[in-house]
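A short worksheet on the structure shown next.
Worth saying up front: this structure is predicted, and the values here are computed from it rather than measured. Lettering follows sequence order; numbering is per chain, from 1.
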Amino acid sequence: MGIAHKYGDDVNTDVIYPGRYTYKQLSPEEMAQHAMEDLDPDFVKKLKPGDYVVAGKNFGMGSSREQAAACMKYAGIKAIIAKSFARIYYRNAINFGLPAITIDTDSIDDGDEIEVDLEKGVVINHTKGEEYRFPPFPENVIKIIEAGGLIEYVKKDIGKQE
Amino acid sequence: MSQTIAQKILARASGLKEVEVGQIVTPEPDWVMSHDNAAAISKTFKKIGVEKVWDPEKIVIILDHVVPASTPEYAQNHLDIKRFVEEQGIKYFHGMNAGICHQVMAERGHDLPGSLILGSDSHTPTAGAYNAFAAGIGRSEVASIWATGHLWLRVPESFEIMVNGKMPKGVYAKDLALHIIGDIRADGANYMSVEFRGETISEMTMASRMVLTNLAAEMGAKAGIMDYDEKTEQFLKGRALKPYTPVKPDEGAEYQKRKEYDASDLVPKIAFPHTVDNVHDIEKAEEIDVDQVFLGTCTNGRLEDLRVAASILKGKKVNPKVRMLVFPASWEVYMDALKEGLLETFIRAGAMVMNPGCGPCLGAHEGVLAPGERCLSTANRNFKGRMGSKEAEIYLGSPATAAATAIKGKISDPREVL
């Protein structure tokens, strides 16, 4: 169970992970410190590991920068739940082992206590006593998330072939 | 089964006869491109535990984002890339004396009709002007292609955008693209492959077509693709690195979405802060003072862009309250502009001619903004904080609008000075 941190529509990659850090090679801990810096400077302070980011439509629009997904994972975010995702962000999140879940998020409020069950395809809102279903991920996507990301998955897969 | 351009290219690259929309395929790209982020990608690649890349002749690396380096960290990135390129024998490494990656991909003959191009940059769809299926991907994805030669992709839905009518004087591909984005919004083509066609597109130069496919990324598209014609053929003559096979959609191919636009009644457009889909007619922006005018980028730094801006600035002066920065998109563009005397026109007008590269577009160097400053930019993004301070404002417009604005010191309609 974690807390929902709610944001609006069209949250772009420049506010999630500003360009001034994009071409610096920072450690995971440093990257986590910059998460959402230009949208909500208090984001990292109010966060607990296992919390969720909940948003409106087109989350992660803009740049292909993977750090915009990575910084969320390093900050302890368990999954991102939005009405829709920009396509590169969606891929980057999954390829980093960070589930990107698409549901109607209108009934989730900032501060709600929520939980995600990936296998069953359901988001449980404990504060409201509601459940929201989402279609299960394709098999290859589940394998990537389970492996902890694309790189881990490819490592295992190459190991198998040899 | 009737297939779209996206379906045909993805099927061919996946070794399949045909593919369905929604199907997950694992194609081998014809080119996989990266830029300054190849430094970080090479580190991820090493973690996979493979010694050598899958094919050193299909990997393209172009330095453009922060060139030349502005800090020791950026310099280290470039050095790491140089070493990786040598160690792996990467055939197509275009150093910082080439230009912006999307422009260089075209100039150096990588953008081939019918090819599948994947790149770790969100504006990779630019290559679609040459009838390629080109999509932006993440860094880990590039590392995994370097190791395995393949990547999972979902076959996208297709969206046909038809544009007819002659564009009025003072209105350009940038205005049309902003108009479309304002209409369908920043997620109007999310996950989709956009096919642009119609008489307006056929009439356009390759450079103008690249403006539309470049901005397809700002519609959320996975790819933006144009049909192959004699203009494509002409451009590729003497440049194409390999033989190629253009791709047309089948009769009866399925489009999930269709839109038609009439270009003949368009006016110059401005995207207001802080989203690219916040588009208005220029009338609404007139009288907005600016501190900087930025002409360049993968969207609008090509020869025809510099030509129209120079024609407006010829014999005039940039307003003393404004700094104008001109970044040709590549050194080929720079040389052509030099020979035509365009650079002299800019310098005489009081503009600063900079080295080809991304410049301040992503806020790393060479003209970032102070709090409260406003910039009229020919780039493709105006997100908060993108060009430096998050208290700065970025307005997007065409190169002609940029030149007219530079003279007046406030956002100005280019039709009044043409």
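- If you measure heavy-atom distances from A186(B) to chain A, the contacts under 4.5 Å come from both the backbone and the side chain.
- In this structure, a donor-acceptor pair under 3.5 Å is present between the side chains of W54(B) and E28(B).
- Contact count versus chain A (heavy atoms, under 4.5 Å) is highest, among I137(B), D36(B), T71(B), N77(B), for N77(B).
- The backbone N or O of R65(A) lies less than 3.5 Å from a partner atom in the side chain of S63(A), making a donor-acceptor pair.
- Applying the 6.0 Å contact sphere to CD of E20(B) captures no more than 12 heavy atoms from other residues, nucleotides or ligands.
- Between K128(A) and D109(A), at least one side-chain N (NZ, or NE/NH1/NH2) sits under 4.0 Å from a carboxylate O, which counts as a salt bridge.
- Listed options D9(A), N95(A), V154(A) were ranked by heavy-atom pairs under 4.5 angstrom with chain B; first place goes to N95(A).
- The aromatic rings of H34(A) and Y17(A) sit perpendicular to each other, their planes meeting at more than 60°, with 30° as the lower class boundary.
- Ring geometry for F137(A) against Y90(A) counts as tilted: the plane angle lies between 30° and 60°, on a 0 to 90° scale.
- Only the side chain of T275(B) comes within contact range of chain A, judged by heavy atoms closer than 4.5 Å.
- Here N12(A) is the residue among N92(A), I88(A), N12(A) with the most heavy-atom pairs under 4.5 Å with chain B.
- Residue Y7(A) is tested with D40(A), I16(A), V54(A), D110(A) for a side chain to side chain contact (heavy atoms under 4.5 Å, CB included); the sole match is D40(A).
- Contact count against chain A (heavy-atom pairs under 4.5 Å) is highest for G136(B) among S120(B), G136(B), A217(B), G363(B).
- For the set N140(A), I144(A), V15(A), D10(A), the count of heavy-atom pairs under 4.5 angstrom toward chain B peaks at N140(A).
- Taking the centre of each ring, F85(A) and Y191(B) stay at or above the 6.0 Å mark.
- Neither the backbone nor the side chain of V368(B) comes within less than 4.5 Å of any heavy atom of chain A.
- Residues Y132(A) and D104(A) have side chains that never bring a donor and an acceptor to within less than 3.5 angstrom of each other.
- Looking at T148(B), only its side chain comes within 4.5 Å of chain A, counting heavy atoms on both sides.
- Ranking A40(B), A143(B), S122(B) against chain A, the residue ahead of the rest is S122(B), based on heavy-atom pairs under 4.5 Å.
- Only the backbone of A221(B) comes within contact range of chain A, judged by heavy atoms closer than 4.5 Å.
- No part of E139(A) comes within reach of chain B, as not one of its non-hydrogen atoms sits under 4.5 angstrom from that chain.
- In this structure, Y153(A) has its ring center no closer than 6.0 Å to that of W152(B).
- Looking at Y89(A), neither its backbone nor its side chain comes within 4.5 Å of chain B, counting heavy atoms on both sides.
- N37(B) touches chain A through backbone and side chain together, each having a heavy atom under 4.5 Å away.
- Using modelled atom types, one side-chain atom of D117(A) and one backbone atom of K120(A) make a donor-acceptor pair closer than 3.5 Å.
- In terms of heavy-atom pairs under 4.5 Å with chain A, the best-connected choice from K43(B), E218(B), H123(B), E73(B) is K43(B).
- The closest side-chain heavy-atom distance from I108(A) to I103(A) is below 4.5 Å.
- For a residue to count as touching a neighbouring chain, one of its non-hydrogen atoms must lie under 4.5 Å from one of that chain's; by this rule R386(B) touches chain A with backbone and side chain alike.
- Remark: the backbone N or O of R139(B) is paired with a side-chain donor or acceptor of E66(A) at under 3.5 angstrom.
- Residue-environment remark: NZ (K82(B)) stays at or below the threshold of 12 foreign heavy atoms within 6.0 Å.
- Both the backbone and the side chain of K222(B) come within less than 4.5 Å of a heavy atom of chain A.
- For a residue to count as touching a neighbouring chain, one of its non-hydrogen atoms must lie under 4.5 Å from one of that chain's; by this rule H150(B) does not touch chain A.
- When each of E141(B), H65(B), K384(B) is checked for heavy-atom pairs under 4.5 Å with chain A, E141(B) comes out on top.
- Between chain B and the options Q67(A), E152(A), K24(A), heavy-atom pairs under 4.5 Å are most frequent for Q67(A).
- With a 4.5 Å cut-off on non-hydrogen atoms, I41(B) does not touch chain A at all.
- The residue among G138(B), S140(B), S144(B), G119(B) with the most heavy atom pairs within less than 4.5 Å of chain A is S140(B).
- In this structure, the portion of I24(B) lying under 4.5 Å from any heavy atom of chain A is its side chain and not its backbone.
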